[in-house]
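Just follow the structure's listing: the first ligand is 1, and inside any ligand the first atom is 1.
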Amino acid sequence: MEFSITAQSLEKAATACLVVGITEGARFSPSAKIIDQASQRYLSRLKTQGDLPTKAGKTLLLHNLPGVAAPRVLLVGTGSAKSLTERDYRAAVRAAVLALDGGGAGTALFCLAELPVKGRDEAWKLEQLMLVAHEAAYRITRVADQQDPACTLERILLPTPDKVKPSAMKTLMGHCKAIANGMALTRDLGNLPPNLCTPGYLAQQALSLGRTWKLRVQVLEQSDMEKLGMGALLAVSAGSRQPPKLIVMQYSGASRQQKPVVLVGKGITFDTGGISLKPAPEMDEMKFDMCGAASVFGTLRAVAEMKLPLNLVGIVPTCENMPDGNATRPGDIVRSMSGQTVEILNTDAEGRLILCDALTYAERFEPEVLIDVATLTGACVIALGNEASGLFANDEKLQHALQVAGDHMGDRAWPLPLWDEYQEGLKSNFADMANVAGRAGGSITAACFLSRFTTQQRWAHLDIAGVAYKGGKEKGATGRPVKLFCRYLLQRSGL
Ligand code: BES
Ligand code: MN
Ligand code: ZN
């Protein structure tokens, strides 16, 4: 999707389509008013007839309105009258793109950023419009089949903003494109089948990302991990024919002295559960168990494309969790790189095992902040559903900054506690800790496990099990939480 600014007046604009918001209640939006007047009250008559789409997400495509140069006018319902909710605003943008997809208009002038959104300024509205439109135009990259046709709406024109200067608008457009490209990469990687998207494949992707975006990329092999004493990570990959990888990607946008933000993403390319085998229904969705890793790839790509003035390190521990004769058994005890020993009571609680060694490894980068991101627990889906990521942190400021970043982007995270009381459940009679506690508070005890490996760092953990992908008819990766990360990093860069 391309974006450009136009100074043309609405009724005379030489474009294939005008997109105008229709709010519930008496008043027309400024653009609707212009079109109504130009067309001898065409919209007013529709209104009298009760034919205007006012509900959020509803659309109506009109053709050849008298007095309007554009051959099409798409009316988009935006819901409640005075001030839209952020949700309704995004829904309107999405609905407009979907309504035009497959039609004859390759270009459309979107007049939606004029609508009032409670508590948000024009820059926010333009930014969200661009991000949501980019996302709505995304297509799953097919590997075995014919590719779905691309979104037929190829370019969105925006009226010259009132309050956002041309230079700021140019920057914003670039940032949105970069973020959308990052999200598309995250979604592509997540959507790939697990026979193709192996640890080795992710390592290759990292190397190619590094070449394109001038990242320093290093891939640690099994033998390196053995030397480092990553017994927890190696225990997870033991049952797989695929060799594990530990991928390190470094983006340098600031001086060497500036400490980096370090992102660590869970990269289980397929999670069978191991010997603690998962039940068959929906097991295919465990190909999405590398979405944390994919979001680290996407964020690095976006940050490099935005050329943010900071240092960012992405660490991806990646392997497969499979059962075979060499697989780790429930009851096995391993030593993590930190020196702490772990009794593996459930081989399906593997995410924390690969993350704990990666978090220890992250220490060598002396992070300013350390954030891990993982499809870690089914319990998080039970707690927060598919709306919010679970957010844990040992630093209140960091927790707050991530929450605000998510709110801004509609990529929300919600705080959960890390109280010491929850640590109790991880007690083991045979090792420093067990890798699971009871069923209760499962996402919290998982985070507590990780917290034991990050005591030296300002650290946050995002459990994205409920948000990284959708199941059912809409099955596919969402690209979350790339937007949250990008907003947080933009904020840190003072942008
Ligand atoms: N990858 C899963 C978590 C998951 C479950 C993500 C459902 C997305 C949807 C993780 O490795 C796992 O299996 N966790 C176990 C932990 C349990 C054994 C303590 C779980 O959530 O059941
Ligand atoms: Mn698992
Ligand atoms: Zn898993």
Are the side chains of [X] and [Y] in touch, meaning some heavy atoms are under 4.5 Å apart?
X    : Y    : result
L246 : L228 : no
P481 : S295 : yes
P330 : I275 : yes
T272 : L277 : yes
F392 : D372 : no
Y361 : M225 : no
T198 : E320 : no

In the protein, what heavy atom is nearest to [atom], and what distance, to one decimal place, separates them?
atom                    : result
atom 4 (C) of ligand 1  : G378 N, 3.8 Å
atom 16 (C) of ligand 1 : R352 NH2, 3.9 Å
atom 19 (C) of ligand 1 : V436 CG1, 3.5 Å
atom 2 (C) of ligand 1  : D271 OD2, 3.6 Å

Any nitrogen or oxygen of [X], main chain or side chain, under 3.5 Å from a nitrogen or oxygen of ligand 1?
X    : result
G351 : no
T377 : no
Y469 : no

Taking both backbone and side-chain atoms into account, decide whether D289 has an N/O/S atom under 2.8 Å from the Mn ion (ligand 2). no
So Y422 and W419, would you call those rings parallel, tilted or perpendicular, with 30° and 60° as cut-offs? parallel
Regarding [X] and [Y], do their side chains bring together a donor and an acceptor under 3.5 Å, going by distance alone?
X    : Y    : result
Q222 : E226 : yes
S338 : E363 : no
D289 : T375 : yes
H408 : Q491 : no

Within the structure, does at least one protein heavy atom fall under 4.0 Å of atom 21 (O) of ligand 1? yes
Atom indices of ligand 1 within 4.0 angstrom of T375 heavy atoms, with elements: 1 (N), 2 (C), 3 (C), 6 (C)
Out of all atoms in ligand 1, which are within 4.0 Å of some heavy atom of A465? Include the element for each. 6 (C), 8 (C)
Counting only heavy atoms, which portion of [X] has something under 4.0 Å from ligand 1: side chain, backbone, both, or neither?
X    : answer
F449 : neither
M290 : neither
D348 : both

Provide the atom name of the closest N, O or S atom of D271 relative to the Zn ion (ligand 3). OD2
From the N, O or S atoms in D289, identify the one nearest to the Zn ion (ligand 3). OD2
Run the side-chain hydrogen bond (donor to acceptor under 3.5 Å, both in side chains) test on R139 and Q147 for me, step by step, so that the C-alpha distance in whole Å, both residues' side-chain angles and the decisive distance to 0.1 Å come before the verdict. CA-CA 9 Å; R139 288 293 194 283; Q147 183 63 29; over 6 Å; no
What does the angle at the Mn ion (ligand 2) come to, between atom OE1 of E350 and atom OD2 of D271, rounded to 10°? 100°
Can you tell me if an N/O/S atom from D348 lies under 2.8 Å from the Zn ion (ligand 3)? no
If hydrogens are left out, which of E350, M286, E282 has an atom nearest to atom 7 (C) of ligand 1, that is, the closest non-hydrogen atom? M286
Looking only at non-hydrogen atoms, the one of N346, T272, L376 nearest atom 10 (C) of ligand 1 is L376
I'd like to know if K266 contacts ligand 1, where contact means a heavy-atom distance under 4.0 Å to any ligand atom. yes
May I ask whether K278 places a heavy atom under 4.0 Å from ligand 1? yes
Within 45° of the axis and under 6.0 Å from the centre of the six-membered ring of Y138, does NZ or CZ of R187 qualify? yes
Which angle, to the nearest 10 degrees, do you find at the Zn ion (ligand 3) between NZ in K266 and OE2 in E350? 90°
